[in-house]
Amino acid sequence: MKRMLKIIHSNNLFIKIFLVMVISIIAVSLSITYSSIQMSSNLFMDTFSITNSKIMNQITERIDNFTESTVSASLEVETNGVMKQALLENHPTTVDESNFYYEMKYEMDRIYAEVDPNDANMVIMSNNQHVFNMNYIKWPVDGNKLANSDLIKRVKESSNDIVYQFENSEVTNGVPMIVASKALRLKSDYIYGYLFFSLTERDLRKFYESYTSAGNNVMLITPGGKIISSNLKERIGDTSEKLLNYAKSFEDEDLEYRQVNVFDHDYTILSQYLPSLDVYLVNLIDQRVVADNVIDTSDIILISVAIVGIAVLVAFLILRRMTVSISQLVNQISDMGRYQFNKPLKVTGGYETQKIAEAFNYMLNELQDYVQLLMNTQEKQRKAELEALQHQINPHFIYNTLASIKFMIKQEKQEIAENTMDSFIALIQNSLSNVDETVSVEQELENLKNYVQINQARYGDRIKVNYLISPDCLDLYLPKLVLQPFIENAFFHAFTKKKNGFIQILIARRENQLVCEIVDNGDGMGEEQIDNKTVKTKQKRKLFSGIGVKNVHERIQLLYGKDYGVEIESELAKGTKVIIVLPVNEHPE
């Protein structure tokens with residue numbers, strides 16, 4: 001989990017930009033896909049509607065041909081003298097009746113041959129309920145039922161026009177059909193017979209059925225809103241006031257097509273009124289079904305998905321190339337916070353990244369120069385301070401030492417006085433030399449012995465000093481005067497309460513470090529006297545050089561870094577241990 005969070009954190013910029021790009025690409029693709037499908041659907045529906053408008057005209061033309069043929073046939077029947085006479089006369093004998101049937105059948109065959117289409121049936125009924133049927137299978141009508149039906153009543157009530165009626169009753173044996181009816185009248189308005197042209201709904205459907213398809217439907221609606229014919233058989237017989245109003249709206253608004261919602265679906269509707277049949281011819285186009293059959297939405301979606309995939313892949317590669325170099329640059333800059341200011345940035349990646357890296361390296365170089373200048377200045381200042389301290393040998397120390405030597409001479413302790421004088425001369429000579437010099441452990445040890453010899457000559461040997469030096473350390477080098485201040489402190493501050501004791505000086509090599517320890521068994525120090533494992537800064541200048549232990553610690557770290565320096569461990573009444581850690585230096589500097 002931590003590894004995953006680290007990866008996400010290190011690629012935060014890439015992830016953010018990539019997500020924005022992906023969301024944008026998907027949003028644009030969805031918009032374009034939706035717009036394309038809508039535009040294609042609308043364009044198709046427009047074209048489809050225009051085409052259907054022409055189809056509506058063709059259907060109308062076929063229906064008009066049928067009505068014209070019925071009108072023409074009706075005129076021929078009305079003007080046919082043979083048929084009129086046969087229908088008006090009585091036929092008392094069997095021979096007369098046979099002649100009557102023969103003449104009627106002959107004349108009807110001739111007229112019926114001109115009726116279009118042949119699916120239409122032609123029926124003539126006399127007042128005596130003699131029925132002459134040209135296609136008995138199409139309409140097996142019974143003369144008695146027909147004579148007493150509403151068809152005859154409506155025909156009688158009408159004028160001399162042909163009456164088109166939708167009938168689905170006992171008269172038609174339950175078969176829905178369109179019946180064109182006309183009363184055969186004399187000039188005196190006497191009705192001598194009835195003429196019928198019937199067309200079953202199934203035959204009427206043949207006028208337009210070839211133009212229909214899934215979602216492309218045709219209906220014939222009466223002015224009362226009843227659907228009398230349709231390729232949607234389940235809708236035949238239904239009444240829809242809403243659909244009728246839409247169909248009527250075309251007469252008032254001069255529309256070619258319009259979008260409607262009927263039967264709980266969205267349709268494009270085309271309508272035309274057929275005055276010959278007194279019905280509305282309606283074309284209902286289910287937009288969704290028709291568009292789905294013509295426009296392959298799945299292909300469009302697949303193409304869009306492929307485009308999105310390619311775009312995302314390209315964006316991924318480009319962004320990855322751009323952001324990786326930036327992320328690497330950020331990581332390098334972050335690493336500098338961990339003391340890697342000397343390591344310049346790698347100038348890689350794109351143009352912008354290279355320019356940033358170059359600018360940062362330039363700034364880093366300037367910063368390093370400034371830091372180096374500052375460090376040099378501080379080092380010079382520190383050296384000047386040390387040198388000043390070193391050269392300011394406590395005059396009291398000189399005075400007291402010389403007075404002690406004089407007192408030894410008066411006591412005729414010539415040898416001790418000479419040794420003290422030699423030690424004093426060597427100590428002063430060493431202290432006045434260049435503070436930058438490094439001296440060997442052996443030389444530093446000699447200086448310590450001189451200092452100890454002077455103090456023991458002055459104050460007695462109540463404080464013993466032991467030297468435990470590893471032989472392999474004698475030739476190593478260390479900065480001058482890094483041990484002397486601690487010996488000085490031990491002599492004059494560690495044995496205030498205790499009057500006697502010893503100081504041990506241990507120098508050894510530990511791996512790549514030179515470790516020097518000054519251990520005393522004196523009074524020790526409390527925590528308040530130790531400052532962060534070094535020393536407190538309140539030590540007053542005392543005795544010989546006045547170089548404080550804090551100066552030694554800062555001087556070592558200034559020369560060799562934070563891994564080196566001075567640590568102090570102390571316990572009251574048990575003593576103090578000073579540990580000085582230096583690098584192994586086999587050559588003088």
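For the atom pair CG (L514) and CD (E586), the distance works out to 11.0 Å, reported to the nearest 0.5 Å. Residue L232 holds its CG atom at 8.0 Å from CG of L284, rounded to the nearest 0.5 Å. Rounded to the nearest 0.5 Å, atoms CG (L281) and OG1 (T60) are 5.0 Å apart. Taken from OG1 in T70 to CG in L199, the straight-line distance is 10.0 Å, to the nearest 0.5 Å. The CG atom of N365 sits 12.5 Å away from the CD atom of Q372 when rounded to the nearest 0.5 Å. The distance from atom CE of M177 to atom OG1 of T172, rounded to the nearest 0.5 Å, is 5.0 Å.
Not one N or O on the side chain of H553 forms a donor-acceptor pair closer than 3.5 Å with the backbone of G565. In this structure, the side chain of N216 does not engage the main chain of T212 through any donor-acceptor pair within 3.5 Å. Listed for the S304 side chain is no donor-acceptor partner under 3.5 Å among the backbone atoms of T33. Under the 3.5 Å distance criterion, the side-chain polar atoms of Y112 are matched with a main-chain donor or acceptor of A120. No donor-acceptor distance shorter than 3.5 angstrom exists from the side chain of D286 to the backbone of Y267, with no hydrogens or angles considered. Side chain of S35 to main chain of I32: no donor-acceptor pair is present (N/O by atom type, distance under 3.5 Å, no hydrogens or angles). One N or O on the side chain of W139 and one on the backbone of V171 form a donor-acceptor pair closer than 3.5 Å. With hydrogens and angles ignored, the 3.5 Å screen pairs no side-chain donor or acceptor of K145 with any backbone N or O of N173. In terms of modelled atom types and a separation under 3.5 Å, the side chain of Q272 and the main chain of Y280 share no donor-acceptor contact. A donor-acceptor contact shorter than 3.5 Å is absent between the side chain of N512 and the backbone of V584.
In this structure, K226 and I221 have side chains that are not in contact, with every pair of non-hydrogen atoms separated by 4.5 Å or more. By the 4.5 Å heavy-atom criterion applied to side chains, S74 and I162 are counted as neighbours. Looking at I579 and V581, their side chains come closer than 4.5 Å, going by heavy atoms from C-beta outward. Residues F263 and R235 form a side-chain contact, since some pair of their non-hydrogen atoms from C-beta on lies under 4.5 Å apart. Side-chain contact between V262 and Y246 is present, with at least one heavy-atom pair separated by less than 4.5 Å. The closest side-chain heavy-atom distance from L243 to M219 is below 4.5 Å. Looking only at side-chain heavy atoms (C-beta outward), V77 and L184 come within less than 4.5 Å of each other. Residues Y257 and S53 have side chains not in contact (no heavy-atom distance under 4.5 Å, counting atoms from C-beta outward).
Nearest heavy atom pair, residue N168 against residue P176, reads OD1-N, 3.6 Å. The two atoms that bring D278 and P223 nearest to each other are O-CD, 3.1 Å, heavy atoms only. The heavy-atom pair separating L345 from F360 by the smallest distance is CD1-CD2, 3.2 Å. Between S230 and I227, the shortest heavy-atom contact is CB-CG2, 4.1 Å. Minimum heavy-atom separation, M134 to K105: CE-NZ, 4.3 Å. For the residue pair H587 and N585, the shortest heavy atom distance occurs at O-OD1, 2.7 Å.
In this structure, L313 places its CG atom where more than 12 heavy-atom neighbours from other residues, nucleotides or ligands lie under 6.0 Å away. Within 6.0 Å of CD on E366 lie more than 12 heavy atoms contributed by other residues, nucleotides or ligands. Counting non-hydrogen atoms of neighbouring residues, nucleotides and ligands closer than 6.0 angstrom, the NZ atom of K242 exceeds 12 such neighbours.
S181 pairs in a side-chain contact (heavy atoms from CB on, under 4.5 Å) with only one of the listed residues (V123, V155, L195), which is V155.
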Take E61 and K54 through the test salt bridge (charged side-chain N to carboxylate O under 4.0 Å, His left out) and record every step on the way to the result. CA-CA 11 Å; E61 185 177 352; K54 295 179 180 177; over 6 Å; no
Exercise. Please report the C-alpha distance between E107 and R110 in whole Å, then the side-chain angles of each, then the deciding distance to 0.1 Å, and finally whether the salt bridge (charged side-chain N to carboxylate O under 4.0 Å, His left out) criterion is met.
Key: CA-CA 5 Å; E107 294 297 330; R110 186 176 57 80; 2.8 Å; yes
Test side chain to side chain contact (heavy atoms under 4.5 Å, CB included) on F196 and I124; report intermediate values, then the result. CA-CA 6 Å; F196 304 95; I124 294 179; over 6 Å; no
Query raised in the report: Can you check side chain to side chain contact (heavy atoms under 4.5 Å, CB included) on V279 and Y164, steps first, answer last?
Result: CA-CA 10 Å; V279 295; Y164 290 90; over 6 Å; no
* Would you sort out whether V515 and R509 count as a side chain to side chain contact (heavy atoms under 4.5 Å, CB included), showing the intermediate values? => CA-CA 6 Å; V515 180; R509 182 172 180 172; over 6 Å; no
### Query
side chain to side chain contact (heavy atoms under 4.5 Å, CB included) between V20 and S24: does it pass, once the steps are laid out?
CA-CA 6 Å; V20 170; S24 301; 4.1 Å; yes
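Checked for salt-bridge contact, E78 and K182 meet the test: a charged N lies under 4.0 Å from a carboxylate O. In this structure, K206 does not pair ionically with E201, as no charged nitrogen and carboxylate oxygen lie closer than 4.0 Å.
For T200 and D203, the side-chain atoms include at least one donor-acceptor pair closer than 3.5 Å. For S229 and Y208, the side-chain atoms include at least one donor-acceptor pair closer than 3.5 Å. In summary, the side chains of N231 and E209 do not present any donor paired with an acceptor at a separation below 3.5 Å, with no hydrogens or angles considered. In this structure, a donor-acceptor pair under 3.5 Å is present between the side chains of N148 and N144. In this model, no donor atom of one side chain and acceptor atom of the other lie less than 3.5 Å apart for N217 and N283. Using a 3.5 Å distance cut-off with no hydrogens or angles, the side chains of Y211 and Q58 do pair a donor with an acceptor. No side-chain donor from either of T268 and R258 sits under 3.5 Å from a side-chain acceptor of the other.
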